[in-house]
Amino acid sequence: MNMTGPAESNRGVGPSVLGQLLRDRSLRLAAGLAVAVAIPVAVLFYFQFRSISDLSKSSTVVLKQLSQETADGLTRSVEEALKMPYINTLLRTSQNQTEPLNLTVIAPTFEQGLEIEPFVDRFYVWSDVAQEHRGEVLAYDRESHGFHAGVKEADLMVRRFRELSKQKRAISVFEETIDGRRTYFQAQIRFITPAREQMSSFVGIRVDAERLRREYFPKFLAEKLKNVEGPIGFPPLAVSLMDAAGRIIVPTTGAAPKRFEDDRTFPLVFFDPELISFAAPDGRPAERWHIRTGYGDQTIPQIIAARERPQRAMMAMLAGVMALGVFFFARTTAREVRVAELKSSFVSSVSHDLKTPLALIQLFAETLELGRLKNTERAHEYYRIINSEARKLTRLINNLLDFSKIEAGLRRYKRRYKRQPVDLAEMTRGVLDSLTSQFEHNQFTVTTRLDDHVSARIDPEAAVQALENLLSNAMKYSPEHREIVVEVDRADGYGVVRVRDRGIGIPPRMRRKIFEKFFRVQHDGGSGPHGTGLGLAIVDHVMRGHHGFVRVDSEPGRGSTFALYFPLDAGESHGDETDSGDRGRTADVARSA
Ligand code: ADP
């Protein structure tokens, strides 16, 4: 009677087709979950990213504006300051005061000028129509605080202003080097007749360009910059002043930032650009100085990018962490769902597996009991089937019990194996003997190469179970070439029990997974041998518990070799295995197993 076909029966509703479906369902659930979490998170991140870039845009505008406005404001202030002497002093000293010369009226104006226009060195008045001091250049300065004649620049001034007066302009400026210093002279010129034929008087000032450069501008700009506040969290706004030749005047260290955002120029004559058109040109183009603003050596986009970078990196990191979280969450959920569903299908497949051999046992036992069988050979065959089905039941139940222990062990305690010295060849022979009838019944040829005296310290019950599982699989997954080779030998310091078959083999990518609980390779679209997916999980657990391992070599279509590697018994070499040292080691192993 061949109830089990070529392969051993460990039948049941294998989770093959159903498992696939369930797997899909769990994947669907995981994907749904991932999407449900990922969409709001993505939306959140999108808005966060947008607000970062909005912030960057507005910061760019702020930085640009600050730079522009500061440059414009400073240029305006400089121009205003430079034209002050013209408005405050030169224009205020009218022709009535210079012709005839009224020094008592002029003196307070000059005195005030010295006070409020710090860059002016000296004031001058000259009148060609005065009663007293006629044709004399009278100077008024910080040293004298009164008028005095005989300054050495007097002749130069009269000569140059006379020349410039030929252009019939009221405002005249010229530059001259005096005592090695560049000096500007500016005057408001008065003429005798409205036709401006002849200069009758002038009021003038003198400015030391060097002092302007060294003292006045640095102080002036520093004063103005006190009121400029940079946006918080950005590099401060840097202001520099350069002369026409590009020499740095401010900062006084002479090191201006290489990059600038805005560049404004102003004419270095003592009135604003509008008044230049009224001035008598002295032949030289008005010298233009520069005011530049910027943020150190970085451009605004660089500053913004530098500020954005950590924020974006942070966001990207957060997104990564969240994505990982979602992934693991979905994966765990999918696994849990898959395991839960496989478990429930497993229960039904196990109950089926229990029922079938039981029914067979019952049927053959009843037939035997009724004593209807005349043929003793038949009766013997029936006994053999009962015995073989009972063994299958035992193996199934053992696997189940073991699995439940493993499950509990994984959570609460590690299973402790009762280890003792066991001769692997002897153990293997025992297992093969007990399975003889199954091999014969399923027409398997079993070849053995068993090295004697390979001793390992193992729990015989667990090791037998592991070996039985391998042999049962070898039968189950060898539909055509029913040849099994079993070997025992030593390799790499291990005692090895090897089971070779010439069955269907295992695809390479599955070779790790077959040791996972419930995992089964789908054969023939689900119509292949049935099973619980626990056999190899138990083998793996047993081997780990013995500080050994199980190794699989397989070629799809050609067969598989499963090898159990048990650490050799240290005492085997001298043949004494029951000394106290061994016992101590057993205790150690049990503890760490
Ligand atoms: P089960 O045999 O109950 O399915 P196992 O844990 O014993 O569970 O085996 C897991 C899977 O490994 C099997 O479903 C089978 O696909 C594959 N497998 C195990 N042993 C062999 C073998 N000797 N030849 C081919 N495939 C095997």
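Read the numbers this way: they start at 1 and go in the same order the structure lists the ligands and their atoms.
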Checklist line | Mode of Phe562 contact toward ligand 1 - side chain, backbone, both, neither (heavy atoms, under 4.0 Å) | finding: side chain
Next item on the list: Describe, in one word, how the ring planes of Phe549 and Tyr565 are oriented to each other, choosing from parallel (under 30°), tilted (30 to 60°) and perpendicular (over 60°).
Entry: parallel
Margin query: Could you tell me, atom by atom, which parts of ligand 1 come under 4.0 Å of a heavy atom of Gly533?
Written below: 1 (P), 3 (O), 4 (O), 6 (O), 8 (O)
Check: With a cut-off of 4.0 Å, which atoms of ligand 1 are near a heavy atom of Val521?
Finding: 14 (O), 16 (O)
Item checked: Nearest heavy atoms of Ala466 and Val539, plus distance in Å -> O-CG2, 3.7 Å
Margin query: Which heavy atom of Asp452 sits nearest to which heavy atom of Ala425, and what is that distance?
Written below: OD1-CB, 3.5 Å
Next item on the list: Check the surroundings of atom CG in Asp492: do more than 12 heavy atoms from other residues, nucleotides or ligands lie under 6.0 Å from it?
Entry: no
Next item on the list: Write down the atom of Gly495, the atom of Val454, and the distance for their closest heavy-atom approach.
Entry: CA-CG1, 3.7 Å
Item checked: Residue Gly535 vicinity, atoms of ligand 1 by number, heavy atom under 4.0 Å -> 5 (P), 6 (O), 7 (O)
Check: So, are Asp489 and Arg498 salt-bridged, with charged N and O less than 4.0 Å apart?
Finding: yes
Margin query: At less than 4.0 angstrom from any non-hydrogen atom of Lys476, what atoms of ligand 1 do you find?
Written below: 1 (P), 2 (O), 3 (O)
Checklist line | Residue portion contacting ligand 1 (non-hydrogen atoms closer than 4.0 Å) for Ile506 | finding: side chain
Next item on the list: Check each of Val539, Asn399, Ile514 against atom 11 (C) of ligand 1 and report the one with the nearest heavy atom.
Entry: Ile514
Note to self: Please classify the Met510 to ligand 1 contact at 4.0 Å (heavy-atom distances, strictly less than): side chain, backbone, both or neither.
What the structure shows: neither
Check: Which bit of Asp501 is near ligand 1, meaning a heavy atom under 4.0 Å away: side chain, backbone, both or neither?
Finding: side chain
Notebook entry, point to check: If you take all heavy atoms of Ala463 and Met427, which pair is closest and at what distance?
Noted result: CB-SD, 3.6 Å
Check: Can you find a non-hydrogen atom of Gly505 under 4.0 Å from ligand 1?
Finding: yes
